[in-house]
Each structure stands twice: as structure tokens, then as C-alpha cells.
Number of protein chains: 2
Amino acid sequence: MDFTQRLLEQFLVLAEEKHFGRAAERLSMSQPPLSQAMQRLERGLGATLLDRRPGDLRLTPAGAAFAVEARRLLDARSAVVERVRRVAQGLEGVVRVGYVSILSHRHLPRLLRAAAEELPGLRIHLHQDSTATLVEMLRSGTLDLAFIRDPLPVADELVAHDFAVEHIVAALPHDHRLAGSDSLALEDLCDDDFVLLNGTALPGLALQARLACREAGFTPRCRADADDLTGLLGYVAAGLCVSLMPEDLRDFPVPGIAFVPLRGSSPYLRTTIAAVRRADADAAVHRLLDLVARHSRR
Amino acid sequence: MDFTQRLLEQFLVLAEEKHFGRAAERLSMSQPPLSQAMQRLERGLGATLLDRRPGDLRLTPAGAAFAVEARRLLDARSAVVERVRRVAQGLEGVVRVGYVSILSHRHLPRLLRAAAEELPGLRIHLHQDSTATLVEMLRSGTLDLAFIRDPLPVADELVAHDFAVEHIVAALPHDHRLAGSDSLALEDLCDDDFVLLNGTALPGLALQARLACREAGFTPRCRADADDLTGLLGYVAAGLCVSLMPEDLRDFPVPGIAFVPLRGSSPYLRTTIAAVRRADADAAVHRLLDLVARHSRR
DNA sequence: CGACTCGATATCCTTGATCGTATGGATTTC
DNA sequence: GAAATCCATACGATCAAGGATATCGAGTCG
């Protein structure tokens, strides 16, 4: 048995009207084919739905049950159509987003808020990992979108979109002579002991910190190095070194550390990009990417 | 768009196989019509469901969503067929049952237990009322089945089925000379003061009590009468009168009253019948009626 | 480059769903 | 009993679904 939309509709109208003639009229058809359709329906279901007593047509208990279920079937059907269309348009769905740890502090919550407001039907699965792993997941299809540091390793299959720029600030011990300044020039620190990343965890930052110093005309005297940011923070808080860090860290006050902006910004910034597969046709990904573009810091 | 069962099935098989050729084979058809069917489906939905890339066919997000929904639609559809059939066969549904108060104590629980066990899909709506009202509700279609006292008032549209017989017992004050007996003959009470129903509430019992006395060869000296059973019980418990009552009341011990069976049973009983509309085609009612017949006390 | 794979397209056929008009048969109503 | 009402039946027409075969075109692989 195959309930066509039409057949269900015919039954429902008849169940309302309880009169073949009137029902047929409402359905813009003549009465006999309606009779036949109802017979087909009853035959297909193997149950009598209508109690045809002369002068007053009623539903059998089975008919009454079917009227309820038929309405539900029709509703379910149009809900399915609606849902599929929304998914196809990217208004509903799941996007798997990867990001590097730095991003989590300020940009990601902002983005998630915007997405929840603009694309309430979208569910975003978050995954934090290293840039290299994220890129691999993106290529293999485990991720749909990744926020990573600027140099996109393999550009052939992936496309990058600017997302955010982030200034580098100096991190000084509280008792440093410049700790109270509004800003400083990087060369003011040329005689200080530095602690910098050794490049295993955040190669972008490690590189750019050294580049910035070279541009300022000196090679930083590195008294120590560290695997990650917490290592840097430890050295600085201990009052042993100064360091260079992403400005976002200022949102997380660390006892004993002062963050001071650098004057002259151009080389002293790092950019975060949103990368997606070039061939990705997922509409939800593109909606999200569009939102990312509109909410990106330029 | 009209999702035929076949079309959904085709899509689901294709979504599993991810290969037009194999899917067509599993569907016992050739590949081209399957291609066309999927094109029709996509056109109808207004969304691309399949990502046809050479050598590997995938579902788009919309396609994946539709695969889930299509499965649900098919399940819902067969569930509807199943449910309608069960209702048509009387295995599921609602039966509105009326009963007179006396019945509630012993027979009704027994019946409900049996129904819950044998016809678990059946819901029974209970309504207690007087015989006259029940009969009227039955005729008007507000009730499907009614348990009432033997004389069925209007037999033309209704049919009666024996259900239970109930003996009449003597109700004596505790200090009555026969209160301790195992049984007594009604004529032993010919000189006692009686309290009987005046016939407004339970005309059957009122009548049969008097008939029983006449058959025993005396007219009861009525010191009082009452509207209902509680009135009778009051008089008897007060030690003022004896009375005649349905044996079921023995299940509810009343302080100060002794119930003593009567010897010679034939006239001293009342029968409860199950009445239904003669023309009722509701399968559930007939299932229940059949169960009633099998569980009736003969 | 040629064979092969795989889905799309072209073309045709069959069938059943769906509708129409005309009519029959049962019941109610006046 | 005649008229009216209401649903079922009979019969014919149409059209789209659903299928088959043959072929094309794109991409893959040895």
C-alpha cells in the first residue's frame, strides 16, 4: 500500500465532511472517483474505515485512528521536506570546527555567539588541536573548518580566509623598569634577558617573536626557552626574563606580569585564518564562513 | 512531491550501497531508471542529495538528513498500517463501559484484570450510573457496553448477555436470634420488622426482595424503607430491622450487621447482564464481550 | 592511448493511478 | 408510490510512474 499525499488528503476531507458529495466538491473532483479511492485505501489497509449507513456516514474506530495517523503522516512528510531544504541551504546542520588553543579566549566565544544568533539551526562541533593536526583533519574530511595560524601549510586543496589579527605585546615582570609604561619600543628591551618559545608548540609565534626582534635591530639574548606559553609565563612571573606574547593573554591577568603594547605594529602581529576545503560544497560551511568573514577583525 | 514507498526505498538502498549499479541490482531493476528516480526525488525536494563524484558516490548533508528522515517515514507508515489493523481487529482501542454501583465490588475488578491481560491494547473507560441512565447512554452511543440488572428495559436495539448471578442474603442486627446461623429460611423472619428499598434507586432489588418474601408465604412488615443500600444498612445496624441485600455486601463488613445466606436459592437471586447495541460493529466491543462471556459466572 | 567503470541521457513500453460521465440500487421523505 | 438523496458500480480516457535497452561522456588505470 502506498499512501499518496492525495489519497490521505481525500480521506481527511471526507472524514471532516462525512459526505462523499461535499468532500468530492471540496477536493475539486467528482464523487465516484472519491468512492473508488476510499475503497482502494480500505483494501490497501485491510480494514474498513467508513461506516456507510444511508444518510449518515461515520468513521469506524479504525477510521478514526487512521484519520489521526494520516494527519500525522502528512505533517511528518512536510516537516521532512522542510528540514531537508534547510539542511541543503545550510540553515540547519553540523559543522565540525577545529581551532588552535589561543583562539579560544576571545574570538571563538564571539563567533559562537554570532553563529547562535544568526544560524540558530546550526550545531558546531568544536575540536582543539595543533595546527598540523587540524590541517590533516581538514584534508581527510574529519573537520569542515579550522582556525589556524597564518602560514597555511598546504594550499592546494585548502582555501584560507583572513579571520583575525593579533598584536604581540611585551610581557614584563611587575618590577621591570618599563612595567608601568603605556607602550614601549621593542628596542628598549634589547639588553634584557628573554625567554622565547623553542618552536615545538607554536612555531608561528616563536618565529615572529624572533623576526620582530631582528626588525628592531637586535638579537634577543635568550636566557631560557620553553615549550608553551605557560612556560614563558613562569619565567616572566619569576622576574627572570621578559617575553613576547599574543595580546589576548592580557585578558587573563597573571600575578606578577605586566603586558605592555609595542609601538609600531606592522611586523609585530600574527594573523589567524579560517581554512576550509576548496571543493567543499556543504552549504552550512559556507554560511558559517560567510559569518566568519563578516565578523572578522580587519 | 509525493514520496512513494518505492522511491524512499530506492534512495535508502542507494544511500547504503553508494553505487547506482549495485543499488539497482539489489532493487531488482536496471541502473538508468534508478538514476531518473533519484533525479525526480532531488527535483521534488528542491535539494541535492547525492554528491556524484566519479568513482565515489557520497551523500550531501541534506542527503544524509533525508536518509534518516526517509527511514522514519517508512517506519511511521508501516506503524500506521499496523495500528489501523489492530484497531480494526479490536486489539487496540477504547471501549466505554458503564456499570451499576453494586458491580464494582467484585466482578468489575475481575473483569478488568482479565481484559488487561488478554487485550492489553484495549483502554476501558468506566462510568458508573443508574440502570436507566446507562441504557439511555448506550442507545445514544455515549457508551459501548453496560452492565446492568436483569430486566433490560428496551430490548429492540440492545442485546443482553448473561454476566453474573448474585444471591440475596439476609442482613441481621448482631444481636438477632439468628445472627449466628450458617443459613436460614426466609420464612423464619416472617415476624420480624423489615426495612426494604422503596424502589427509587434499585428497583430490581426492591422488587425481588418483596417477591422472595411472597414466595416464602408472607408479606414483610415494613417498619421503614430507604432510598439506597446505606439507608438499609443504617436501620439494620441500629438493631431496628432485618433486611435483604446482595451477597456482595458481605465483602464489606459493617459493624453490627451479620449477613446470613438464605436456604433455597432459585428466586432469591438477581442477575447482572452485559448489554450492547445490537448493530454495534466495533470489533473491540465484541472482543470485550467475548471475554465477558468467557469470564461470566454461570 | 585504449579498455574499463560509472552515472547520465535518449527512447520506448506497460501499467496503474486518477479522473470523468452515466447509471444502478438502497433508503428516506413527502 | 414517486421523488430525492447518497453511495457504489461500470466504463472509458488520460497521464505520469516505473521500467527496459541502447548509448553517451567523463574519469580512471594499466
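Throughout, a chain's letter reflects where its sequence line sits, starting with A, and its residues are numbered from 1. These numbers come from a predicted model, not from an experiment. Only heavy atoms go into these numbers, but all of them, side chains included; no hydrogens, no water, no symmetry mates.
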Can you tell me if [X] touches the phosphate of [N], counting only side-chain N or O atoms and a distance under 4.0 Å to OP1 or OP2?
{"X": "B/Arg6", "N": "D/dG19", "value": "yes"}
{"X": "B/Arg40", "N": "D/dG18", "value": "yes"}
{"X": "A/Gln10", "N": "C/dC19", "value": "yes"}
{"X": "A/Ser30", "N": "C/dC19", "value": "no"}
{"X": "A/Gln36", "N": "D/dA10", "value": "no"}
{"X": "B/Thr4", "N": "D/dG18", "value": "yes"}

**Prompt:** To the nearest 0.5 Å, what is the distance between CG (A/Leu288) and CD (A/Glu118)?
**Reply:** 10.0 Å
**Prompt:** Does B/Glu42 come within less than 4.0 Å of B/Arg52, counting only side-chain N to carboxylate O?
**Reply:** yes
**Request:** State plainly whether the residues A/Glu69 and A/Arg72 are in salt-bridge range, i.e. N to O under 4.0 Å.
**Result:** yes
For [X] and [N], what is the distance between atoms [atom1] and [atom2] respectively, to the nearest whole Å?
{"X": "A/Met38", "N": "C/dC19", "atom1": "CE", "atom2": "C1'", "answer": "14 Å"}
{"X": "B/Leu34", "N": "C/dC6", "atom1": "CG", "atom2": "P", "answer": "14 Å"}
{"X": "B/Asp51", "N": "C/dG7", "atom1": "CG", "atom2": "P", "answer": "12 Å"}
{"X": "A/Arg58", "N": "D/dC6", "atom1": "CZ", "atom2": "C1'", "answer": "16 Å"}
{"X": "A/Glu9", "N": "C/dA17", "atom1": "CD", "atom2": "P", "answer": "18 Å"}
{"X": "A/Met29", "N": "D/dC15", "atom1": "CE", "atom2": "C1'", "answer": "16 Å"}
{"X": "A/Glu25", "N": "C/dC19", "atom1": "CD", "atom2": "P", "answer": "15 Å"}
{"X": "A/Arg43", "N": "C/dA17", "atom1": "CZ", "atom2": "C1'", "answer": "12 Å"}

**Asked** Out of D/dT21, D/dC7, D/dT9, which has the shortest distance to the side chain of A/His19?
**Response** D/dC7
**Item:** A/Pro33, nearest nucleotide to its side chain (from D/dA8, C/dC19, C/dA8)
**Value:** C/dC19
**Request:** Report yes or no: do B/Gln31 and B/Ser35 form a side-chain donor-acceptor pair below 3.5 Å?
**Result:** yes
**Message:** With hydrogens left out and only the distance checked, is there a donor-acceptor pair under 3.5 Å joining A/Gln31's side chain and the base of D/dA8?
**Reply:** yes
**Prompt:** Which residue, A/Ser35 or B/Ala37, contacts DNA chain D at a nucleotide closer to its 5' end, judged by nearest heavy atom?
**Reply:** A/Ser35
**Message:** Looking only at the aromatic ring of each residue, does the gap between the centers of B/Tyr99 and B/Phe163 stay below 6.0 angstrom?
**Reply:** no
